[in-house]
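Scroll down for the structure; my scribbles are underneath it.
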Number of protein chains: 2
Amino acid sequence: MNIFKLLKKNKLFYNFEDKEINKIFDCLNGHINKYSRGRVVAEIGAPVTEIGIILTGAAVKFIQKPNGELENCGELYAGDMFGEVEGYTGDHTYNSSVVVAEESTILYISVDTIVKQCSNTCACHQKLLENVLSCLAERIDNINNDAKYLKIKSMRGKISKLFYDRYLAQGTETIHLGFNRNEMAEYLNVSRPSMSREMIAMREDGIISFRKDEIVIHNVDELARLANSAR
Amino acid sequence: MNIFKLLKKNKLFYNFEDKEINKIFDCLNGHINKYSRGRVVAEIGAPVTEIGIILTGAAVKFIQKPNGELENCGELYAGDMFGEVEGYTGDHTYNSSVVVAEESTILYISVDTIVKQCSNTCACHQKLLENVLSCLAERIDNINNDAKYLKIKSMRGKISKLFYDRYLAQGTETIHLGFNRNEMAEYLNVSRPSMSREMIAMREDGIISFRKDEIVIHNVDELARLANSAR
DNA sequence: ATACGTTTGTATCTTTAGCTACAAACGCAA
DNA sequence: TTGCGTTTGTAGCTAAAGATACAAACGTAT
């Protein structure tokens, strides 16, 4: 797969032309490295000078618990990046380590040069800057939204909000989760059997029906009421 | 209070000199408005072209639930701002309304000009840009951290993590919360009596003692264990 | 010192979700 | 079609936290 297509999958390069992407290598100290499985490409506490963007392969992120233990806290695939938050916070050091999970290529661009103006009057700086900003701002939106589910205490409330949000986003009474029960339970931070139990109760109440990851909403008003009054 | 001192309380102007702040009004279309109680200064769905920074007074943020109802979702005081997230996300419209709660003055600076380079070679753009970035990145850190408390299921786990985090931050075995029980319970998203019950159980177990918002940690190791193993 | 409002502690009861272990249904490949 | 692994549904029990309502302690102003 060619590098331009790959990079365009990354939000940092939204709206970029091929030739603008090329300029990255001149203006932003862009460079590409290749790693094999097990290689540590970011280490907790180390200074962040570059944003890393996975071009091919995959990597795993680990945070360190105060007792020293490492905990898996997410996976990175082609188009994903790391360091874009830490690069601009407090002490500019990684707060998670990134370990390559399979043979991977990673593009790095310099954190500093993104905000610095360069002598070549290129549009790419400007665009990249806007994209970095949207990227961070969007992330805030997303996390905030996820936190909403966590704050709801009742099982029915959590489920209702999830389904209702999907209904609003997809616009149809038949929605697809892209989750199996396990994943959905994990996302909502509840146990799967308890969740199943409540979904079935909601079905008995005529609010929804479902099969696998396809949910049909039979009583939108009630679902909306549940989602909005959830505490 | 003078405007320079006020602005320096805001993270956007971290590291600014007085004369650099003055440039804001030239380069960034900075302007100040005065409002009385009840005035709506941001409306859900309206385009965001400026970041608003409260100089004096106070305001309240409301989100709109899908049924149309408004819900208080936070207060803004001197030094706080609004629009800095929405200004750089998706459709660049407010997702919460801001209503002035008491006579207030608000400084606005243009969202666009922050990322644009200006002809005057001034350092203020550059600095402001870095500050906007840190601001957003820091926010991500903070929300992520808050979400951690919400994900912990056991009462003891939540309490332990909160106290242990404070212990790590303050570095002393006597920590001050800056919370009363009600506020703490709200922050942890639990009921106050249940929380009280568990705090007392932890005291009986010799882990902590407390009086008002002063907590003394007697068994740091155990607290750490609880905080780190919390599920 | 007293009286009042606020914060914190206590008791009782109920509700809810967690957990475990198992059964049924499904999907897919041999 | 049969069999196997995975996903989903079910049951019973337990533990834990919610709700409510009240009591005690504290702070503070008169």
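Proteins get letters first, then strands, A, B, ... in listed order; numbering begins at 1 in each.
Between Glu102(B) and Arg37(B), no side-chain nitrogen of the basic residue sits less than 4.0 Å from a carboxylate oxygen of the acidic one, so the salt-bridge criterion is not met. Residues Glu138(B) and Lys11(B) are paired through a salt bridge, judged by an N-O separation under 4.0 Å between the basic side chain and the carboxylate. Checked for salt-bridge contact, Arg192(B) and Glu186(B) miss the test: no charged N lies under 4.0 Å from a carboxylate O. With respect to the salt-bridge test (charged N to carboxylate O, under 4.0 angstrom), the residues Asp221(A) and Arg225(A) do not qualify. A salt bridge is absent between Lys148(B) and Asp165(B); no separation between the charged side-chain nitrogens and carboxylate oxygens falls under 4.0 Å.
There is a side-chain donor-acceptor pair under 3.5 Å between Tyr187(B) and Asp146(B). Between the side chains of Thr56(A) and Ser104(A), no donor-acceptor pair of N or O atoms lies under 3.5 Å. Between the side chains of Glu173(B) and His218(B), no donor-acceptor pair is found at a separation under 3.5 Å.
Using bins of under 30°, 30° to 60° and over 60° for the plane-to-plane angle, the ring pair Phe82(A)/Tyr94(A) lands in the tilted bin.
In the region residues 202-217 of chain A, proximity to DNA chain C at under 4.0 angstrom, judged on heavy atoms, holds for Arg211(A).
Checking side-chain atoms of Lys61(A) against main-chain N and O of Val98(A) turns up no donor-acceptor pair under 3.5 Å.
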Strictly under 4.0 angstrom, non-hydrogen atoms only: write out the protein contact profile of nucleotides 12-17 of chain D, one letter per nucleotide from the 5' end, B, S or -.
B----B
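You can see that DNA chain C meets the heavy atoms of chain A within a 4.0 Å-exclusive cut from dA17(C) to dG27(C), reading 5' to 3'.
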